[in-house]
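Numbers restart at 1 for each chain; the letters A, B, ... are given by sequence-line order, proteins then strands. Remember, predicted model here, so these are calculated numbers, not experimental data.
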Amino acid sequence: MLTLPFIRAYQETTIAGLQKKHVANAAEIVAKLLAQDDQRKALLQQAESALEKSNAAAKEIGALMQSGQKELAEGKRAETAALKASIKEMEEAAKAAEKELTDLLVTLPNLPHSSVPQGKTADDNEVVLTWGSVPVLAADAQPHWDLIKKYDIIDFDLGNKITGAGFPVYKGKGARLQRALINFFLDEAIKAGYYEIQPPILINEESGFGTGQLPDKEGQMYVTKEEGLFLIPTAEVPITNLYRDVIVNEKELPIKNVGHTPCFRREAGSWGAHVRGLNRLHQFDKIEIVQIHKPENSYAALEEMSLHVQGLLQKLGLHYRVLRLCGGDMGFASALTYDMEAWSGAQNRWLEVSSVSNFETFQANRLKLRTKIDGKSILCHTLNGSALALPRIVASILENNQGPDGIKIPEVLVPYTGFTHIN
RNA sequence: AGAGGGGUGUCCGAGUGGUUUAAGGAGCACGCUUGGAAAGCGUGUGUAGGUCUCAAGCUUACCGAGGGUUCGAAUCCCUUCCCCUCUACCA
């Protein structure tokens with residue numbers, strides 16, 4: 001959530017930023033926000049000065065009662081009773097104005113960093129770098145959805161039977177490869193100084209709001225019927241919300257957490273021919289890294305996180321590229337996002353395997369996540385990234401590493417899998 | 001899940017309708033004291049909003065959360081979340 005003092009002080013910047021994110025009528029919205037804020041303040045002031053009067057009167061009555069001047073107290077009491085109704089009205093008006101204001105404020109996305117390219121769609125993203133080269137495969141190379149059947153390692157039909165589309169069952173070496181990747185990614189993160197967290201995978205509404213999934217993406221999450229809890233779409237939600245309503249000691253910063261969880265996404269309305277097989281799932285495993293920083297360090301941290309993710313891809317020997325997302329393609333809460341895409345050898349296309357973002361104070365403002373510097377409390381910066389999401393990594397490994405003697409497991413994974421080939 | 005007991009500041013803890021302006025203690029910060037430290041003494045010690053050019057000051061709200069009763073609520077009532085004990089169930 002953007003902060004009002006910022007919007008007020010930097011109206012032009014705010015409008016330009018919102019426009020880069022393709023918010024319609026940005027200028028009108030900013031003007032409306034400021035007007036509503038003025039109104040809120042006026043109403044609040046009115047209510048508070050009435051309250052002040054009534055507080056003073058109550059105190060007086062108390063004093064009179066105690067000194068035994070019953071009659072005077074009674075008179076005063078009748079007088080004050082009349083105030084009550086109007087105070088309630090004023091308080092309600094102030095509250096309503098505040099709600100109207102936050103309801104609008106909450107719908108606004110974060111402002112993009114100055115380096116974010118203009119643009120609307122994925123085609124406008126900027127390629128920052130490309131690593132490795134396209135693997136040379138035999139003419140009869142198969143896409144992963146055929147390979148998983150050939151080697152019987154991931155079963156969509158069984159998943160359909162017990163749950164539904166997009167919930168595959170991993171079997172044998174398929175399951176072991178999953179476990180190997182999870183452990184490898186966690187170990188690498190721990191080596192890089194991250195602290196492992198195993199959070200709940202159901203979260204409440206406050207947490208969904210804290211990181212920005214609610215109300216923006218409500219339709220994308222699964223909800224439990226009785227309790228109204230949401231299945232997490234990413235470990236970012238529980239791990240970042242650990243710090244909701246927290247004033248972190250400056251000495252504890254930066255915070256670097258990592259966690260592995262399954263992730264659940266309804267992906268309503270986003271199905272199509274290009275999302276076959278593992279390309280898009282309702283449930284998948286992901287290792288997420290989360291960092292919390294003082295504002296001045298957050299962009300250096302973002303680069304560090306990007307390098308960490310790239311290191312993983314390099315160790316796995318995957319041809320990849322890094323994109324700087326354009327204003328139209330980046331997420332609601334993000335100020336700057338790098339996407340890492342791995343090459344899928346048989347589909348001949350890039351697959352997004354990680355997204356690393358700096359949210360600056362956007363999430364922290366919703367979370368009330370602060371630190372104290374020189375006695376003043378300020379909002380922290382939050383960042384997160386996938387390191388990494390499994391299914392598309394698996395797809396790329398399967399496709400890129402296929403050969404006559406089966407699928408070759410990347411060397412770094414062999415200590416984790418206990419086998420060198422899937423065949 | 002049922003019955004009972006709880007939730008107060010950074011922490012412990014007092015507080016069952018009116019100088020509560022949340023006692024007291026611990027911790028922390030600063031000062032005094034000291035050769036230095038400890039002890040001791042003194043002072044300070046939350047968050048958010050409003051007012052204000054800034055600061056100070058003033059002011060409003062906050063005792064798990066939300067609502068209510070009252071001139072006045074940490075205190076009474078309702079709803080809800082969480083914790084503890086016992087019982088039941090259970091990996």
* **Whole-Å P distance, B:rA29 and B:rA37** => 14 Å

* Asked: Roughly how many Å is it from CG in A:Leu105 to P in B:rG49, rounded to a whole number?
  -> 13 Å

* Structure fact -> What one should report as the nearest heavy-atom pair of A:Gly406 and A:Tyr151 is CA-OH, 3.4 Å

* To do: Any chance you could lay out the salt bridge (charged side-chain N to carboxylate O under 4.0 Å, His left out) test for A:Glu250 and A:Lys294, step after step, and finish with the verdict?
  => CA-CA 8 Å; A:Glu250 189 186 350; A:Lys294 290 193 235 178; 3.0 Å; yes

* **Under 4.0 angstrom between A:Lys95 side-chain N/O and B:rG67 OP1 or OP2** => yes

* Identified pairing partner of B:rC86, criterion: Watson-Crick or G-U wobble below 3.5 Å -> B:rG2

* Comparing A:Lys372 and A:Ala81 on RNA chain B - which has the more 5′ nearest nucleotide -> A:Lys372

* Structure fact -> Between CD1 of A:Ile247 and P of B:rC11 the distance, given in whole Å, is 12 Å

* In terms of side-chain heavy atoms of A:Glu52, which of B:rA48, B:rU47, B:rU60 is nearest? -> B:rU60

* Structure fact -> A:Lys76 atom NZ is separated from B:rU70 atom C1', nearest whole Å, by 17 Å

* Roughly how many Å is it from NZ in A:Lys376 to C1' in B:rG46, rounded to a whole number? -> 17 Å

* Asked: Any chance the rings of A:Phe156 and A:Phe167 have centres within less than 6.0 Å?
  -> no

Distance-only donor-acceptor hits, side chain of residues 39-61 of chain A, under 3.5 Å, sequence neighbours excluded:
from	atom 1	to	atom 2	distance (Å)
A:Arg40	NH1	A:Asp37	OD1	2.3
A:Ser49	OG	A:Gln46	O	3.2

* **Whole-angstrom distance between B:rC84 and B:rU21, as gauged at atom P** => 35 Å

* Asked: Which of residues 40-51 of chain A have a heavy atom under 4.0 Å from RNA chain B?
  -> A:Arg40, A:Lys41, A:Leu44, A:Gln45, A:Glu48, A:Leu51

Quiz: residues 12-20 of chain A side-chain donor-acceptor pairs under 3.5 angstrom, not counting sequence neighbours:
from	atom 1	to	atom 2	distance (Å)
A:Thr14	OG1	A:Tyr10	O	2.7
A:Lys20	NZ	A:Val116	O	2.5

* To do: For A:Asp146, enumerate each residue passing the salt bridge (charged side-chain N to carboxylate O under 4.0 Å, His left out) test, keeping only those at least two apart in sequence or located in another chain.
  => none

* **P-based separation of B:rG13 from B:rG6 [nearest Å]** => 14 Å

* Between B:rA88 and B:rC28, how far is it from one C1' atom to the other, in whole Å? -> 47 Å

* C1' spacing across the pair B:rU45 / B:rC11, given as an integer number of angstrom -> 14 Å

* For the pair made of CD in A:Glu206 and P in B:rA65, what is the distance, rounded to whole Å? -> 13 Å

* Asked: Cation-pi between A:Lys173 and A:Phe419: NZ/CZ under 6.0 Å from ring centre and within 45° of the ring axis?
  -> yes

* Taking CZ from A:Arg77 and P from B:rG17, how many angstroms apart are they, rounded to a whole number? -> 16 Å

* Tell me whether the guanidinium CZ or amine NZ of A:Arg179 lies under 6.0 angstrom from the six-membered ring centre of A:Tyr416 and within 45° of its axis. => no

Distance-only donor-acceptor pairs under 3.5 Å for side chains of residues 100-109 of chain A, two or more places apart:
from	atom 1	to	atom 2	distance (Å)
A:Glu100	OE2	A:Gln36	NE2	3.1
A:Thr102	OG1	A:Glu98	O	3.0
A:Thr102	OG1	A:Lys99	O	3.2
A:Asp103	OD2	A:Lys99	NZ	2.8
A:Thr107	OG1	A:Leu104	O	2.6

* Asked: Does any nucleotide pair with B:rA74 by Watson-Crick or G-U wobble geometry, both distances under 3.5 Å, and what is it?
  -> none

* Name every residue in residues 54-64 of chain A that has at least one heavy atom under 4.0 Å from any atom of RNA chain B, in order of residue number, or write none if there are no such residues. => A:Asn55, A:Ala58, A:Ile61, A:Gly62

* Could you check which nucleotide pairs with B:rA65 in any of the strands shown, counting Watson-Crick or G-U wobble with both distances under 3.5 Å? => B:rU79

* Structure fact -> Side-chain contact check for A:Lys88: nearest option of B:rA48, B:rU59, B:rG68 is B:rG68

* Quantified in whole Å, what is the C1' atom distance between nucleotide B:rG4 and nucleotide B:rU10? -> 32 Å

* **Closest-nucleotide 5' rank along RNA chain B - winner of A:Glu91 and A:Arg370** => A:Arg370

* Counting only Watson-Crick or G-U wobble pairs whose two distances fall under 3.5 Å, which nucleotide matches B:rA22? -> none

* Just checking A:Lys84: base, sugar-phosphate only, or nothing, at a heavy-atom cut-off of under 4.0 Å? -> base

* Would you call A:Glu92 and A:Lys95 a salt bridge, using N to O less than 4.0 angstrom? -> no

* What is the base-pairing partner of B:rC52, counting Watson-Crick and G-U wobble geometry with both distances under 3.5 Å? -> none

* To do: Mind calculating the distance between CG (A:Asp245) and P (B:rC81) to the nearest angstrom?
  => 19 Å

* Considering Watson-Crick and G-U wobble pairs with both distances under 3.5 Å, what does B:rG44 pair with? -> B:rC28

* Asked: Between A:Arg324 and A:Asp329, is a salt bridge (charged side-chain N to carboxylate O under 4.0 Å, His left out) present by the stated rule, with each step listed?
  -> CA-CA 10 Å; A:Arg324 191 195 302 266; A:Asp329 201 33; over 6 Å; no

* **Whole-Å P distance, B:rC41 and B:rG46** => 23 Å

* Nearest-angstrom distance from the residue atom CG of A:Leu369 to C1' of B:rA48 -> 16 Å

* Do the ring planes of A:Tyr222 and A:His282 sit parallel (below 30°), tilted (30 to 60°) or perpendicular (above 60°)? -> perpendicular

* To do: Take atom P in B:rA91 and the same atom in B:rU80, then report the distance between them in whole Å.
  => 30 Å

